[in-house]
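A quick write-up on the structure given underneath.
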Amino acid sequence: DGGITQSPKYLFRKEGQNVTLSCEQNLNHDAMYWYRQDPGQGLRLIYYSQIVNDFQKGDIAEGYSVSREKKESFPLTVTSAQKNPTAFYLCASSIDRRQEAFFGQGTRLTVV
Amino acid sequence: GQQLNQSPQSMFIQEGEDVSMNCTSSSIFNTWLWYKQDPGEGPVLLIALYKAGELTSNGRLTAQFGITRKDSFLNISASIPSDVGIYFCAGRNNNDMRFGAGTRLTVKP
């Protein structure tokens, strides 16, 4: 089955700890994205990557880091510098930067 | 970056009614997309629009790409209970994809 897989679905961490969210796709898509969703708000772009070993900051990149060592994988690290990390995180991919994006099922991160 | 203005914020309708929602922007977009999100899940693409003036249907859903390229609307005809969810519009220009805040649809049987 082709698709985008995010794991885990639920994640709990203590304040001050870094945490890494996984995103894997087997759609052979070049572009991948990370979005953050807060209640009652639209999706806000954290980082995106057009090709392997390249990524760009989105609107709310502070406190986050990413890597793109493989085409299939685009992990997101939420660092202790992120002031309000509790949120629903969505990963997406698209064939290229012009085509529609398809989303994973999301990871709900709760920091206590 | 600029955000999209999506309205209405929420809708409560009876099963069988038609629904209309829209999205506007101060900027031009090359592509308009409509997604539906169920609670705790990722958004699912409903309709993609690539050309100004384009009108596209997907079953009971119809969406249009405004001729000014600054707006789009989505209509749902003869709503059913499984239409419940949050509908998001998105405007896309190359790497930049902006989302509206969503329209929360409730359908009463």
Side-chain angles (χ1 to χ4, degrees), chain A residues 3-11 21 23-25 27 29-51 54-61 68 87-110, chain B residues 1-11 21-25 27-51 54 56 58 63 65 69 72 74 85-105:
Chain A
I4 304 169
T5 302
Q6 288 187 243
S7 60
K9 192 160 176 68
Y10 300 96
L11 193 53
L21 282 60
C23 179
E24 304 278 331
Q25 55 98 358
L27 300 168
H29 285 175
D30 284 321
M32 295 187 76
Y33 314 83
W34 274 105
Y35 288 89
R36 171 182 171 134
Q37 185 176 28
D38 294 290
Q41 296 193 35
L43 282 64
R44 293 183 291 165
L45 183 64
I46 305 172
Y47 268 99
Y48 66 93
S49 168
Q50 295 182 59
I51 55 172
D54 180 72
F55 47 83
Q56 306 294 329
K57 291 182 180 179
D59 297 325
I60 55 166
R68 186 87 186 274
F88 191 49
Y89 291 88
L90 287 160
C91 178
S93 71
S94 62
I95 294 173
D96 58 35
R97 61 186 185 177
R98 293 180 183 82
Q99 300 299 314
E100 60 270 21
F102 297 90
F103 285 85
Q105 291 199 310
T107 293
R108 184 165 299 282
L109 173 65
T110 303
Chain B
Q2 79 283 2
Q3 296 298 314
L4 304 186
N5 299 309
Q6 186 172 349
S7 64
Q9 192 172 21
S10 60
M11 301 183 76
M21 59 191 79
N22 69 79
C23 215
T24 61
S25 170
S27 302
I28 288 171
F29 286 103
N30 294 326
T31 301
W32 281 94
L33 307 164
W34 285 93
Y35 290 87
K36 182 191 177 203
Q37 185 179 31
D38 292 324
E41 302 292 330
V44 174
L45 181 67
L46 298 174
I47 292 181
L49 302 157
Y50 300 103
K51 208 160 93 170
E54 179 182 353
T56 297
N58 178 7
F65 190 145
R69 295 166 65 194
S72 177
L74 174 71
I86 303 177
Y87 292 79
F88 288 100
C89 62
R92 178 151 200 178
N93 286 325
N94 295 333
N95 292 318
D96 191 16
M97 186 160 65
R98 301 287 162 175
F99 285 83
T103 294
R104 184 180 294 273
L105 179 64

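Throughout, a chain's letter reflects where its sequence line sits, starting with A, and its residues are numbered from 1.
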Do A:R108 and A:F88 meet the cation-pi criteria used here (NZ or CZ under 6.0 Å from the six-membered ring centre, within 45° of the axis)?
-> yes
Which bit of [X] is near chain B, if near means a heavy-atom gap under 4.5 Å: side chain, backbone, both or neither?
| X | answer |
| --- | --- |
| A:Q37 | side chain |
| A:L90 | side chain |
| A:A92 | neither |

Stepwise side chain to side chain donor-acceptor pair (under 3.5 Å) test for A:S94 and A:Q99 = CA-CA 6 Å; A:S94 62; A:Q99 300 299 314; over 6 Å; no
Do B:R92 and B:N30 meet the criterion of a side-chain donor-acceptor pair at a distance under 3.5 Å?
-> no
If you count heavy-atom pairs under 4.5 Å between each of B:P43, B:G42, B:G102, B:A48 and chain A, which one has the most?
-> B:P43
Measuring heavy-atom distances to chain A, does B:Q37 have an atom under 4.5 Å in its side chain, in its backbone, in both, or in neither?
-> side chain
Is the A:F103 ring parallel, tilted or perpendicular to the A:Y35 ring (thresholds 30°, 60°)?
-> tilted
A:Y89 vs A:W34 aromatic rings, parallel, tilted or perpendicular, using cut-offs 30° and 60°?
-> perpendicular
Looking only at A:K9, A:Q6, A:R44, most heavy-atom pairs under 4.5 Å shared with chain B are made by A:K9
